[in-house]
Number of protein chains: 2
Amino acid sequence: MNIERWVPLVGWLRSYNRKLLSRDALAAVIVTLMLVPQALAYALLAGLPAEMGLYASMLPLVLYAIFGTSASLAVGPVAVAALMTASALSNFATPGSPEYIGAALVLAALSGLILIAMGVLRLGFLVNFLSHPVISGFITASGILIAISQLKHIVGVEAAGHNVIDLLGSLLSQWQQVNMMTLLIGLGVWGFLLVCRKRLNKWLMALGVSAGAAGLVVKAAPISAVIITTLLAWGLNLQQHGVAVVGFVPSGLPAITLPSLDQSLWLGLLPAALLISLVGFVESVSVAQTLAAKRRQRIDPNQELIALGMANVGAGVGGGSPVSGGFSRSVVNFEAGAATPLAGAFTAAGIVLSTLLLTDVLAFLPTATLAATIIVAVGTLIDLPAIKRTWQYSRSDGVAMVATILLTLLHSVELGIISGVVLSLGLHLYRTSQPHSAVVGRVPGTEHFRNVKRHQVETDEQLAILRIDESLYFANARYLEDTVMALAARSPALKHIVLTCQAVNVIDASALESLEAINARLNDAGATLHLAEVKGPVMDRLQHTDFCRELTGHVFFTTFDAWQALAHSANAHQTASSASTPPLPTQPEETTPCSSDTPK
Amino acid sequence: MNIERWVPLVGWLRSYNRKLLSRDALAAVIVTLMLVPQALAYALLAGLPAEMGLYASMLPLVLYAIFGTSASLAVGPVAVAALMTASALSNFATPGSPEYIGAALVLAALSGLILIAMGVLRLGFLVNFLSHPVISGFITASGILIAISQLKHIVGVEAAGHNVIDLLGSLLSQWQQVNMMTLLIGLGVWGFLLVCRKRLNKWLMALGVSAGAAGLVVKAAPISAVIITTLLAWGLNLQQHGVAVVGFVPSGLPAITLPSLDQSLWLGLLPAALLISLVGFVESVSVAQTLAAKRRQRIDPNQELIALGMANVGAGVGGGSPVSGGFSRSVVNFEAGAATPLAGAFTAAGIVLSTLLLTDVLAFLPTATLAATIIVAVGTLIDLPAIKRTWQYSRSDGVAMVATILLTLLHSVELGIISGVVLSLGLHLYRTSQPHSAVVGRVPGTEHFRNVKRHQVETDEQLAILRIDESLYFANARYLEDTVMALAARSPALKHIVLTCQAVNVIDASALESLEAINARLNDAGATLHLAEVKGPVMDRLQHTDFCRELTGHVFFTTFDAWQALAHSANAHQTASSASTPPLPTQPEETTPCSSDTPK
């Protein structure tokens, strides 16, 4: 029982049968065909040797199959993680150097350990720091950045940089060195893939091909481009014409090794590993949840943390770069009928076979083909209409999103996403730090109270009833003090202030201190503080506090109770009428400590 | 009119008269007597020459008088700012060196510019990041740290360190070098001050002295200790017995100079300057507000930012260390009758006079006397019962407070307060990320709906009504998805899910995306999503979104409307009854796009 909780495989494997096996195997074949070029491409994007992409598609997939809860999630190298890896490692070593490769393994292992720790400690809520607009903006900006970073392979020049300015500057400065043969292959594949994606399906179906078969052909387009251009490069000996190719790929399997244990390297990579794990987890879970829901299944986010963590640790010891759940591959996996996480393990077997058999051939694969594959693939990540939509719906969300996009594009992925998180937290705090509040008066003849600014209601010169439409916590505690004290300073005749708390779900320690300060300051100023409509759980906590003992006024059950007890004239004024009656010479009534048996 | 907004002095000076002048002057004399030893002591605490404390009590006070809005706030060097200054500067230079002094001026100027910028840009809400428990824990820990850091002066040894472990380790290792004469003076003054503070008032009043006069005598205790021990040190030539004294203090006034413009120094000091300004501002404003309320006056927090900023810029160009509003001096200032900010300018004049006349005498003042003064003064900062009180009231506030205290004591002031802020934000997010929610059912025969777990209510097998008691925003958007999808996965017969939103004040872009995902996933699973009781402003925003167009169900005005439209059997089941009726073969009713003219 307990082992099933940590190793879901143990549970579902019992009912595994031949039918599920054939579904998983079919899905694995299709995903493998898609994954081979992607694995190579994302390794190059991360500045790593091509084979590391293949290695990252072996052990991690098997580990995810053991620990994962999603039947559809296709784990492996993904574009955004590759981009973040390149950006993180560039601070530590030269791309492609042994130190760089070693740091990539550490980054994967560290991301894995972070995810496992978050899963075991149930810290999955930390991903809540990443709001939708920030993630969506970050993914869009990453897609643009990745596409631009691949242009150098299409035109056949060397270019470096981790933001749009550096990349474009570097590209433009080498305009003269463009390799026409490379450009031809790059643009050719790009055009071919675009046409396949946008038109091929319709053409095939017009020719009478079934929808399923047409979809399969469209999905095979990248692998066909790989095969065709590899054959071209081999047959025409394009390498001698300056066309860059993938080159030697070792055909063996990776050894299991422990990553470097250099403490300063681990510490230095920690922030990047944290970002990669959080972003990877958010994306994986949202894909997995979407696909699971289509079959009315559920995934367990905390177990997913552990499974993705294991997969990344697997990448770290198995020669791979950081992995996560890929969006498009998962959708393909789902549509191809993957029934259990074992489909991923079969995909890993497919990659092992490919590595053993195909590396001699893949050596001739032009990098321009891979670059074109990436550019077309990341097109699905870029969602520009979302910017307008978000901006129109909420200005503060829009600001956080635009800042994330601009800083990611113009500075770096790290600054982009961190600024987005800080900004969305800051804006949320700003919004809740000034909650809606209203001075309310009695709707004549009823027990209802409404905003004095919007309705014609009865008020009382010596009594102000303030309704706060938000929980009271540290972000708005000082605003509460300001609001109440401003009210007191504005109306010198005021003897009683009632806070009605029907919208207050929580009063934290900061707000409690503020209430104590308000109570004391009003007392100094000769006015009394009362509460009304305090919710049960909130009152339970207030019961034994100094505030409750020192409260100068009552805690009323309803606002109307407060009105009946405190409104000093039977015929209180209409807000509309400007006539003012002289204040009665009554003393504020005797104070009683707050307790649960306050007037009903 | 406009100038009055930025320079409040212009406003209140018009009505300044002889009566106010005499009140301000009297308060200034009393505060000056208190400030002279404190200014010297806090300069030494900050690792600066004694005269810098005096300089920090000149120009800053005049500038605050011009720009400030509090009649009572006594600005100048304070203990916590001195501690934070020492901690920040120790990373840049050796205490007392010219570079160290230069960095202190930069720190003051930078804090000042930050405060002014916050005031002009209306960023005062940033102090909301500092919750009460974090600030209070930080002040307590600072008090303890300051007291321990002063022990070296009491026992007459050299000790260094910025946390309790280093300080105590350093002290204990030099146990042999204790100077008995210094110890005698230190303990003597300490005991004298404690007795004065705890008993003298009662004794004097028992002897028939009036309360006012007694209070004055008690406040003069530190200055008496200064005079007595200075005379002793001078008369007995204690310096030759190894008693450390303040030593040469230049008697002139400081020159106005521009602080160093070294960019790396400014950037390096930026985080520390930010923390010093925020902490100083929070403390100043809460003292100023408390005192203002006692006279039913108001202060303007944004103008206070500018005034405190000007004071710190004044410290930076006028040879002083960072300043802020001191708690005990402000209370004394208030009780002594200070009527306008001009009292502070008069205090500055008093300090100028003291500097011109007394520096020859102050040279003989034992540092042990100052240390004892500080230790007794910071006693008022330490509030240990607050820890227990906070812990009992709210576990998450207690955790943030204890973490702040421990990390401040055991590591450093910077890590302490930053951890506190991060932790309180994280815990707040954690709390609101799992809002209270309840599946509700109909109270039989009424239009009211209550939690099915707590009340005996009618439910319907094909209909679930979920009430969320929190605004929906990025921190709980994923929780909402999980909750709704779990509900759907639990009950396969479910055809309709209604979210009742009476407690939802905001739906941000993240929550909107989650609602879209929920709607699509429920649709995939064959269920329909409805909303009910959506507040006006929330509905206004939803109106033109994709979510609203794609919503598979209705937006109902009330929960009862939803019940009437969707509950499929007239006699819905009691939760108590376990009898189940077979689901009727009705199709889910036709969907209509949400609009304001949904069923009333």
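Order of the sequence lines sets the chain letters (A, B, ...), proteins ahead of strands, with each chain counted from 1. All values below come from the heavy atoms of this structure, side chains included, with hydrogens, waters and symmetry mates left out.
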query = Which bit of A:Val506 is near chain B, if near means a heavy-atom gap under 4.5 Å: side chain, backbone, both or neither?
reply = side chain
query = So which part of A:Pro301 gets closer than 4.5 Å to some heavy atom of chain B, the side chain, the backbone, both or neither?
reply = side chain
key: A:His428-B:Phe474 aromatic ring centre distance below 6.0 Å   = yes
remark   = The interface call for A:Val285 against chain B, heavy-atom contacts under 4.5 Å, is neither
remark   = Whatever's closer than 4.5 Å to a heavy atom in chain B on A:Leu425 counts as both
ask   = What distance separates B:Tyr393 OH from A:Glu513 CD, expressed to the nearest 0.5 Å?
value = 10.5 Å
key: Minimum side-chain heavy-atom gap B:Glu481-A:Ser286 below 4.5 Å   = no
key: Contacting region of A:Asp397 [heavy-atom separation from chain B under 4.5 Å]   = side chain
key: Side chain / backbone / both / neither for A:Gln392 at chain B, heavy atoms under 4.5 Å   = neither
Max heavy-atom pair count under 4.5 Å with chain B, selected residue of A:Asp469, A:Leu429, A:Asn505, A:Thr390 = A:Leu429
remark   = Whatever's closer than 4.5 Å to a heavy atom in chain B on A:Asp482 counts as both
remark   = The interface call for A:Ala486 against chain B, heavy-atom contacts under 4.5 Å, is both
request  = Would you mind checking which part of A:Leu512 comes under 4.5 Å of any heavy atom in chain B, side chain (CB onward), backbone (N, CA, C, O), both or neither?
outcome  = side chain
message = Given 3.5 Å as the limit, does a donor-acceptor pair link the side chain of A:Asp508 with the main chain of B:Ser394, or not?
response = no
key: Euclidean distance, B:Ser396 OG relative to A:Tyr473 OH, rounded to 0.5 Å   = 12.5 Å
ask   = What part of A:Tyr430 gets closer than 4.5 Å to chain B, counting heavy atoms only: side chain, backbone, both or neither?
value = both
query = Is any side-chain heavy atom of A:Thr545 closer than 4.5 Å to a side-chain heavy atom of B:Arg389?
reply = no
query = What part of A:Ala517 gets closer than 4.5 Å to chain B, counting heavy atoms only: side chain, backbone, both or neither?
reply = neither
